[in-house]
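Following: one structure in structure tokens, then a few remarks.
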Amino acid sequence: HSAPLLLALLVCCGKCGGSEIRWNCAVAGVGNFFRAENWLPEMMPGPDTDVFLDPCRFTDGSIRTRTVDINAAAISTIKSLRIIAYAEFMFTVGTNQEFTIGTLQVDQNAQLYFDTGWLKLATSGQVAGHLKLTSVDFRGGTAALEVLSGGRLELVHV
């Protein structure tokens with residue numbers, strides 16, 4: 001009699017540890033990473049959040065690059081960040097601010113650019129698309145960043 005209840009508790013608790021959110025492509029102009037209304041569902045990303053960035057399209061279907069401002073307290077952390085194929089995002093991190101990503105994944109044909117600040121990769125990363133770091137202090141620690149076949153890592157120091 002208690003087996004269905006136990007199974008229901010196990011299923012729930014497996015999902016209770018974190019949440020998934022996606023960038024709201026309807027946001028006009030530069031969006032702020034730490035504003036709840038810029039995400040679907042409407043909530044702020046945090047250390048237990050899996051963040052997905054989907055392609056944002058104009059009404060004619062063409063892809064548009066989204067600029068996201070990461071200006072927060074000195075240190076900001078998310079569990080994971082995945083850039084979905086054909087998405088194009090540019091993150092601007094405040095000077096002397098650290099942005100920590102547990103796991104980073106840049107899908108094939110996706111583009112992610114980071115500009116200024118400190119980027120820390122806590123666990124691992126895979127780049128099948130294009131990852132460009134401009135004037136970014138990359139703090140990988142013991143984390144591995146793997147550039148897959150067809151992937152591109154570009155480091156620009158200004």
Fill in: Members sharing Met90's hydrophobic cluster (side chains within less than 4.5 Å)
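Hydrophobic cluster check, Met90: joined to Tyr113.
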Discussion item. Using side-chain heavy atoms (C-beta onward) and a distance below 4.5 Å, is Val93 in contact with Leu119?
Written reply: no
Worksheet item: Under 4.5 Å between any side-chain heavy atoms of Ile21 and Met43, yes or no?
Response: yes
Can you list the residues that meet the side chain to side chain contact (heavy atoms under 4.5 Å, CB included) rule with [X], with sequence neighbours excluded?
{"X": "Asp107", "answer": "Arg82, Ile84, Ala85, Gln105, Ala110"}
{"X": "Ile63", "answer": "Pro55, Arg57, Tyr86, Glu88"}
{"X": "Thr103", "answer": "Ser80, Thr123, Ser124"}

Results of side chain to side chain donor-acceptor pair (under 3.5 Å) for [X] - residues two or more places apart only:
{"X": "Glu20", "value": "none"}
{"X": "Asp137", "value": "Arg139"}
{"X": "Asn38", "value": "none"}

Practice prompt. Tell me, please, which residues at least two apart from Asp115 pass salt bridge (Lys or Arg N to Asp or Glu O under 4.0 Å).
Written response: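 Salt bridge (Lys or Arg N to Asp or Glu O under 4.0 Å) list for Asp115, sorted by chain: empty.
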Worksheet entry | Within residues 58-71 or reaching into it, pairs that qualify as salt bridge (Lys or Arg N to Asp or Glu O under 4.0 Å) - sequence neighbours excluded | none
Worksheet entry | Residue pairs fulfilling salt bridge (Lys or Arg N to Asp or Glu O under 4.0 Å) with at least one residue in residues 27-38, sequence neighbours excluded | Arg35-Glu37
Response to the item:
Taken in chain and number order and not counting sequence neighbours, the residues that satisfy ring-ring contact (aromatic ring centres under 6.0 Å, His included) with Phe33 are Trp39, Phe91, Phe99
Fill in: Test: Asp54 and Arg22 ion pair at under 4.0 Å
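Salt bridge between Asp54 and Arg22, a charged N being under 4.0 Å from a carboxylate O: yes.
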